[in-house]
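In what follows, a structure is listed as structure tokens, so that the remarks can point back to it.
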2 protein chains.
Amino acid sequence: MASAKTGRSDPARTLALLWRGKEPAARGPKPGLGVDRIVAAAVELADEEGLAAVSMRKVAERLGVGAMSLYTYVPGKDELLNLMVDAVLAEADRPADFTGTWREGLELHARADRAVALRHPWLVGLSTPGLMLMGPGETARAEFAMRAVSDIGLTPREMADVVNMVDGYVRGVAQISADIGATNRETDVGYEDWWAQATPMLERFIQQSRYPALYGVWAAGAFETPPEEGFEFGLQRVLDGIEAWIDGRTAVPG
Amino acid sequence: MASAKTGRSDPARTLALLWRGKEPAARGPKPGLGVDRIVAAAVELADEEGLAAVSMRKVAERLGVGAMSLYTYVPGKDELLNLMVDAVLAEADRPADFTGTWREGLELHARADRAVALRHPWLVGLSTPGLMLMGPGETARAEFAMRAVSDIGLTPREMADVVNMVDGYVRGVAQISADIGATNRETDVGYEDWWAQATPMLERFIQQSRYPALYGVWAAGAFETPPEEGFEFGLQRVLDGIEAWIDGRTAVPG
DNA sequence: CTAAACTGAGTACGCCGTACGGAGATCGGC
DNA sequence: GCCGATCTCCGTACGGCGTACTCAGTTTAG
């Protein structure tokens, strides 16, 4: 594994960077690069070779430039990772003119996030900036979600809780899927192949006598296909839970 | 940020390591260390200084030993990280003699995971071995959860989906909380302080006119306390969703 | 035209994971 | 009791990393 932290150092600088708040500057030579090109190159690199392959030298090489040139535009690697997260979050299309029920809105929100996570498996390996370092992508996400749960009589805090719950579910499941995907990529075997290969070894340790419930589920083949299909199932259950709560809630005071 | 991948190289070797399947070996000098002591030292280090501080050299130093000595017991850093994950997962106490409803069982399961995640914030930054590389800790977790949803008429696949959904929710929310905790630790300011400090900067970018829904929730102060309190709320909604589905399901064929 | 301001990058430092090989300890077989 | 096999421990070294420092070269304001 490798782990990633995001958002250290000066928050003001990072926020300005996220929102591209920089006047073009006179006096010097014209910039040959730019934050956008650097971030795009880093995202490509991560998509193709994984997060571990993203180093300042490799990103620079991809741009035909010396490693240290990147530091003209980006304070450091942490900030670059932050920018990458916000950039791919902005990819998801959440129609600005969306009108629909809160449930349809949250469904769209959740699926958009999931699509991004599947397209960029390295995303879930990075800590979210969350509300701490909101860039345009993260902000657009949040705005869409909040709009979906507006006008149904929730307090602001309840709105935040509901959205956080859906976000949490999507992130957690995406991370589990991404782990499996990463394992497959690294070992060059598919999920089924890996499973077939690992079964004899697992049999040695996970005996029916010690883990009867797990063994039963396992022996029935419930783990033989990747859990991705369970995403929609879980999403609907999450939304059902919210719906029941909303119904119960509006019924009381109404 | 830093990201972590887990479970590369030889799965058989790693599995054997996770289950400590090693005969004590005659012939050589008595081992001075041991997998358990190495893992414990690494976990301590991660708890105290964060995941980024976990290097082979630092772990070895903490044990009063040369860096390369660790490789006698552990094939590499990836495997050590895997062992750390399984070790802390095993910490959670899930009573073996638990009897209760499926809902009580899943609640206990979810809270146990959350307690571990709060005690070891670095955990969520690591990919889960998941089902790919199950050690004793992960297996005990899964067994408890599966037992909780046994005997309520679910198919094995449905059991797996339900458990995966709860696990996903807990993981996702824990990761969001951990990110905030990490930001606080690194910047040496509390959540409220950070928020107060960042507000003027955010005001510049997140204008009411462009993000009315988000702005409203934000201006109402819904983000001024950490979202940890929302965990129980979301958990209950998740369980409500499952309950509604189970009721609807058993009602039809019954 | 000059000087200020900026871009771009070479060099270097201190970390990291870990391959390699050797020194010393320990024990089975004789 | 001894020897060789086998094990533990670890010093050295290599290639890669993030990035501090420094300086050369370019562009424009005045």
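Side chains included, hydrogens not; waters and symmetry mates left out as well; all remaining heavy atoms used. Residue numbers begin at 1 in each chain, while the letters A, B, ... track the order of the sequences. In this text the structure is predicted, and so the values were computed from the model without any measurement.
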When we call it a touch if two heavy atoms are under 4.0 Å apart, what does [X] touch: a base, just sugar-phosphate, or nothing?
X	value
B:Ser55	sugar-phosphate
A:Val54	sugar-phosphate
A:Thr72	base

Given atom [atom1] of [X] and atom [atom2] of [N], what is their separation to the nearest angstrom?
X	N	atom1	atom2	result
A:Tyr71	D:dC21	OH	P	13 Å
A:Lys77	D:dA20	NZ	P	15 Å
A:Leu70	C:dC6	CG	C1'	17 Å
B:Glu61	C:dG17	CD	P	13 Å
B:Met68	C:dA23	CE	P	17 Å
B:Met56	D:dC10	CE	C1'	13 Å

### Message
Can you classify the ring geometry of A:Trp19 versus B:Tyr211 as parallel (below 30°), tilted (30 to 60°) or perpendicular (above 60°)?
### Response
perpendicular
### side-chain N/O A:Lys58 vs D:dG16 OP1/OP2, d < 4.0 Å
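Looking at the OP1 and OP2 atoms of D:dG16, neither is under 4.0 Å from any side-chain N or O of A:Lys58.
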### Message
Would you say that more than 12 heavy atoms from the other residues, nucleotides or ligands in this model lie under 6.0 Å from the CD of B:Glu61, or not?
### Response
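12 or below, so no.
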### Task
Establish whether the base of D:dG18 is bridged to the side chain of A:Arg57 by a donor-acceptor pair shorter than 3.5 Å.
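In this structure, the two groups form a donor-acceptor pair.
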